[in-house]
S.K.: 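First the structure, then my questions, so here it is.
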Amino acid sequence: MKHPQLNQAGELTHLLTLEGLPKRILLQILDTAASFLTVNQREVKNVPLLRGQSVFNLFFENSTRTRTTFEIAAKRLSADVVNLDVSTSSTAKGESLLDTIDNLAAMQADTFVVRHSQSGAPFMIAQHLNKTGQQHIHVINAGDGRHAHPTQGLLDMYTIRHYKKDFTQLRVAIVGDILHSRVARSDIHALTTLGVPEIRAIGPRTLVPSTLTSMGVHLYTDMAAGLRDVDVIIMLRLQHERMRGALLPSAGEYFKHYGLTPEKLALAKPDAIVMHPGPMNRGVEIDSAVADGPQSVILPQVTFGIACRMAVMSILAGNTNT
Amino acid sequence: MKHPQLNQAGELTHLLTLEGLPKRILLQILDTAASFLTVNQREVKNVPLLRGQSVFNLFFENSTRTRTTFEIAAKRLSADVVNLDVSTSSTAKGESLLDTIDNLAAMQADTFVVRHSQSGAPFMIAQHLNKTGQQHIHVINAGDGRHAHPTQGLLDMYTIRHYKKDFTQLRVAIVGDILHSRVARSDIHALTTLGVPEIRAIGPRTLVPSTLTSMGVHLYTDMAAGLRDVDVIIMLRLQHERMRGALLPSAGEYFKHYGLTPEKLALAKPDAIVMHPGPMNRGVEIDSAVADGPQSVILPQVTFGIACRMAVMSILAGNTNT
Amino acid sequence: MKHPQLNQAGELTHLLTLEGLPKRILLQILDTAASFLTVNQREVKNVPLLRGQSVFNLFFENSTRTRTTFEIAAKRLSADVVNLDVSTSSTAKGESLLDTIDNLAAMQADTFVVRHSQSGAPFMIAQHLNKTGQQHIHVINAGDGRHAHPTQGLLDMYTIRHYKKDFTQLRVAIVGDILHSRVARSDIHALTTLGVPEIRAIGPRTLVPSTLTSMGVHLYTDMAAGLRDVDVIIMLRLQHERMRGALLPSAGEYFKHYGLTPEKLALAKPDAIVMHPGPMNRGVEIDSAVADGPQSVILPQVTFGIACRMAVMSILAGNTNT
């Protein structure tokens with residue numbers, strides 16, 4: 001069975017996961033994003049590519065930050081954007097997820113941006129639309145459970161390419177709570193597809209699943225060993241609930257072992273870049289001297305993220321699912 | 001005294017209720033909606049009819065679904081839309097409803113879309129605007145208490161006309177909690193005006209007010225008898241609070257007697273259509289086999305609803321209240 | 001050190017406070033607002049001055065009313081507006097204020113409209129943007145703690161000029177809880193700059209700080225004495241928390257002494273105007289006969305407020321901070 005995010009011609013019609021996404025499509029998105037980056041630096045940042053189209057932000061799980069990036073991206077493409085805080089809407093009235101989707105689809109939606117606490121929800125929505133003759137509507141996964149966060153993965157790839165040009169010579173370290181991170185999962189898939197020869201996962205044993213080795217990822221519980229000679233460091237956000245949970249000692253203990261300080265950063269290559277999906281916990285997973293230091297590319301990531309989301313939306317709008 | 005929703009020339013300047021709304025205006029709205037339906041199917045769904053106008057969604061009662069339909073309709077007319085969750089705003093600070101209205105009017109609003117838990121609130125607002133020299137601002141009732149939900153009534157009429165063409169040969173059944181339903185009330189007024197010869201109300205005695213007979217409605221407590229040979233079935237949503245209240249036995253009991261199953265549907269005419277204002281309680285008032293079956297027009301209702309709201313907004317914008 | 005709201009050329013690049021704002025800039029804003037007032041009365045109220053620009057409403061303190069005025073103003077300038085209810089976003093996840101700002105700035109924001117419960121927060125944000133090479137982003141203070149509410153001050157000045165023409169012959173009384181009022185503070189600064197020869201502060205001793213005398217303000221605890229022969233009366237809103245607090249007797253007592261009734265209003269000049277920033281507590285600080293009477297200019301204030309906010313946004317957009 002073909003993957004529901006590609007049409008018969010192999011073009012992208014939904015963006016659900018970076019797992020299995022062909023390299024040519026990854027590169028198409030990054031190249032398109034590059035063209036939007038210049039648009040975003042103009043005084044008039046709007047282009048009419050999605051004029052008259054309706055983008056629905058369906059956030060079943062609250063995330064003001066991510067919602068805002070999609071809202072900005074859609075508005076810069078001249079789309080009409082409707083934000084639905086779905087937790088307070090009809091689903092609360094006992095309506096099923098797919099009834100809500102059918103209803104919004106009947107309002108002639110063009111794109112659904114979906115955030116959901118359950119892994120697979122955007123996939124299920126896309127499959128339902130495809131099956132019910134509504135495949136002209138595009139679904140973008142804005143983060144589902146522990147599963148995937150493909151646009152974050154894309155902006156991470158954009159950032160790495162921007163600073164390192166060639167993926168095929170890189171050592172990339174991902175540090176922190178990899179077990180619960182949809183960002184890590186999306187990054188690992190994309191890095192692999194783009195030919196990164198060495199991916200390392202660093203973190204306490206409780207937060208780094210050993211199953212990653214089957215994906216070719218090298219596991220480290222020792223931060224010093226894991227960071228040695230890497231080109232790229234992707235720090236993950238430590239969720240507050242983990243700190244309080246049984247999986248971790250205190251935040252102070254965590255910082256001592258896995259917080260990125262200037263001293264630990266010095267073990268990586270001198271021109272290594274430091275990334276973080278935000279929002280940061282300064283003093284927990286990252287030291288302010290690093291976050292604000294010359295090797296940090298954390299804020300450029302945000303800028304690239306808008307361009308990547310514009311790229312995804314405009315590519316989807318150009319492809320029909322038949 | 002002339003009705004506050006019509007101007008001296010008999011044109012629509014507010015949409016408050018379908019009660020007493022002349023047939024020519026009902027038909028004007030349906031005809032205008034038909035023209036917008038094609039707009040909504042284009043890739044560029046926007047028309048500049050309300051460009052530069054300010055539409056305020058004043059939802060004193062929360063309803064994400066209905067608010068979204070008005071927001072989409074207004075944006076497709078190129079209006080600027082401001083959503084006001086009024087429950088958290090100045091009314092919470094002790095300001096009176098009419099002070100809030102005057103204040104928003106002074107921001108040069110053009111249209112207020114008003115949802116309120118109290119019957120008559122939109123009427124009171126329109127009357128206040130008319131009296132205070134602010135009659136250039138149009139009020140649309142998006143549901144007030146148990147009183148009226150005129151745009152839902154209009155989209156129901158649109159749906160019936162779309163599938164049945166001629167109102168004057170129809171038997172229409174409305175099923176469920178008619179007592180508390182503003183949808184039912186709006187539907188009955190419009191169906192009567194449009195010449196439907198037989199309207200039936202079906203439901204448990206506690207939920208079907210006997211006063212309906214004065215409106216020419218035939219009452220049925222027996223679902224089988226009520227559905228026999230009807231052309232149109234309008235199912236109503238059963239509010240959860242009713243199920244828990246004293247007015248009803250359990251949801252299961254309700255479904256047994258009044259839930260629309262394929263067996264009961266078979267009693268109606270073979271080409272009868274099934275409508276529902278949503279959100280549905282599957283297994284309570286309607287069986288999934290009916291909701292998703294070939295006679296269901298529940299999703300087309302939503303699509304027609306956007307076009308009807310665009311029609312109302314654009315007609316109002318063209319009429320001045322002097 | 002130059003004030004962070006002016007650039008080297010002495011032009012406005014942020015609007016943080018009216019304190020120390022040169023008279024020529026105050027007048028530039030009022031004159032620009034006058035031109036927008038006619039725009040707001042047209043059927044098409046939009047002008048393309050901020051087309052393709054991104055305005056972020058950052059309301060760290062909830063205020064639907066004020067947020068709406070900025071949203072309307074920005075949309076009438078054709079900007080893309082993003083509303084961020086920041087209290088529920090990343091700051092709640094432990095992110096620092098300046099990290100949030102940097103993040104949103106990296107989305108290529110053009111203007112931040114900031115409301116914050118802490119005095120000085122917009123100032124700190126502007127200073128941070130200036131220091132970090134992001135001075136192309138403009139900050140507008142939409143109310144910070146007890147400190148300032150400059151756009152309210154501007155619309156008050158606009159209102160006074162509209163009705164009284166010449167500032168240099170006026171007696172202006174500000175009545176109520178001056179101690180906690182950012183509106184009063186902004187008004188006093190602007191009135192002084194514009195040459196108003198006599199400013200009076202009227203209220204109970206607990207709510208009128210004696211330090212005002214150093215700003216040239218005359219203090220009155222007696223309403224009758226304070227209102228005598230004034231041209232302009234600015235009533236302040238009495239916060240409910242004050243009524244319950246120790247600073248005041250009951251609301252009824254307050255109204256008896258400081259509520260503006262027709263009798264007390266008669267002590268002012270016959271053509272005196274009555275202003276109020278809203279939302280009003282009728283029967284607490286103001287009698288309905290006055291609020292709705294011929295001398296009230298409370299609703300025109302709202303209309304002027306939209307024009308003043310458009311003026312500030314468009315002036316800022318034209319100035320670069322280098």
Side-chain angles (χ1 to χ4, degrees), chain A residues 36-37 39-48 57 62-81 83 85 155 237-241 243 251 276-284 286 288 291-292 296-307 309-310, chain C residues 46 48-60 62 71 74-75 77-112 128-129 131-134 136-138 313-314 316-320:
Chain A
F36 285 124
L37 202 63
V39 167
N40 282 331
Q41 280 150 0
R42 299 188 316 202
E43 199 173 330
V44 174
K45 287 184 277 278
N46 290 12
V47 290
N57 277 332
N62 186 48
S63 173
T64 305
R65 171 79 54 92
T66 303
R67 196 259 295 151
T68 300
T69 62
F70 280 102
E71 184 177 351
I72 285 282
K75 284 181 169 168
R76 292 206 178 136
L77 293 167
S78 306
D80 288 329
V81 184
N83 291 318
D85 181 1
L155 75 88
R237 172 177 169 78
L238 193 66
Q239 306 291 334
H240 286 280
E241 53 270 34
M243 301 189 216
H276 191 294
M280 287 186 282
N281 296 301
R282 290 167 178 265
V284 178
I286 192 163
S288 279
D292 304 330
S296 167
V297 297
I298 295 170
L299 293 174
Q301 282 180 277
V302 177
T303 305
F304 300 151
I306 303 289
R309 287 170 180 122
M310 291 174 76
Chain C
N46 289 12
L49 286 170
L50 260 67
R51 196 166 71 79
Q53 299 208 11
S54 299
V55 173
F56 285 72
N57 278 331
L58 303 183
F59 276 58
F60 295 88
N62 186 48
E71 184 176 350
K75 284 180 169 169
L77 293 167
S78 306
D80 289 329
V81 185
V82 177
N83 291 318
L84 283 147
D85 181 359
V86 200
S87 56
T88 67
S89 85
S90 295
T91 41
K93 295 186 186 168
E95 191 184 47
S96 80
L97 172 60
L98 294 182
D99 276 342
T100 299
I101 291 298
D102 282 338
N103 229 286
L104 297 171
M107 296 179 198
Q108 269 114 345
D110 295 286
T111 301
F112 289 138
H128 173 75
L129 292 170
K131 270 197 316 200
T132 53
Q134 305 179 92
H136 54 279
I137 303 175
H138 307 289
M313 286 181 182
S314 63
L316 290 176
N319 294 338
T320 48

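By convention in this document, chain letters (A, B, ...) are assigned in the order of the sequence lines, proteins followed by strands, and residues within each chain are numbered from 1. These values consider heavy atoms only, across backbone and side chains, with no hydrogens, waters or symmetry-generated copies. These figures come from a predicted structure and were not determined experimentally.
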S.K.: Which atoms of A:Ile306 are under 4.5 Å from chain C, going by heavy atoms: the side chain, the backbone, both sets, or neither?
M.R.: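 Contact with chain C is through the side chain of A:Ile306 alone.
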S.K.: Determine the sole option in A:Val302, A:Ile298, A:Thr68 for which the side chain to side chain contact (heavy atoms under 4.5 Å, CB included) test with C:Asn103 is passed.
M.R.: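 Per the side chain to side chain contact (heavy atoms under 4.5 Å, CB included) rule, the option paired with C:Asn103 is A:Val302, out of A:Val302, A:Ile298, A:Thr68.
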S.K.: For the pair A:Arg282 and C:Asp99, find out whether any cationic side-chain nitrogen is under 4.0 Å from an anionic carboxylate oxygen.
M.R.: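 Salt bridge between A:Arg282 and C:Asp99, a charged N being under 4.0 Å from a carboxylate O: yes.
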S.K.: Rounded to the nearest 0.5 Å, what separation is found between the CG atom of C:Leu104 and the CZ atom of A:Arg65?
M.R.: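 Atom-to-atom, C:Leu104:CG and A:Arg65:CZ are 6.5 Å apart.
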S.K.: Side-chain contact test, heavy atoms from C-beta onward, threshold under 4.5 Å: evaluate it for C:Met107 versus A:Glu71 and give yes or no.
M.R.: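 Result no, sub-4.5 Å side-chain heavy-atom pair not found.
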S.K.: Please report the shortest heavy-atom distance between A:Ile72 and C:Val82, naming the atom on each side.
M.R.: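 Of all heavy-atom pairs spanning A:Ile72 and C:Val82, the closest is CD1-CG2, 3.5 Å.
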S.K.: How long is the gap from CG on C:Leu98 to CG on A:Asp292, to the nearest 0.5 Å?
M.R.: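 Spacing of CG (C:Leu98) from CG (A:Asp292) equals 10.0 Å.
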S.K.: Test side-chain contact (heavy atoms from CB on, under 4.5 Å) on C:Asp80 and A:Lys45; report intermediate values, then the result.
M.R.: CA-CA 10 Å; C:Asp80 289 329; A:Lys45 287 184 277 278; over 6 Å; no
S.K.: Report the C-alpha separation of C:Ser54 and A:Arg76 in whole Å, then their side-chain angles, then the decisive distance to 0.1 Å, and conclude whether the side-chain contact (heavy atoms from CB on, under 4.5 Å) test is met.
M.R.: CA-CA 9 Å; C:Ser54 299; A:Arg76 292 206 178 136; 2.8 Å; yes
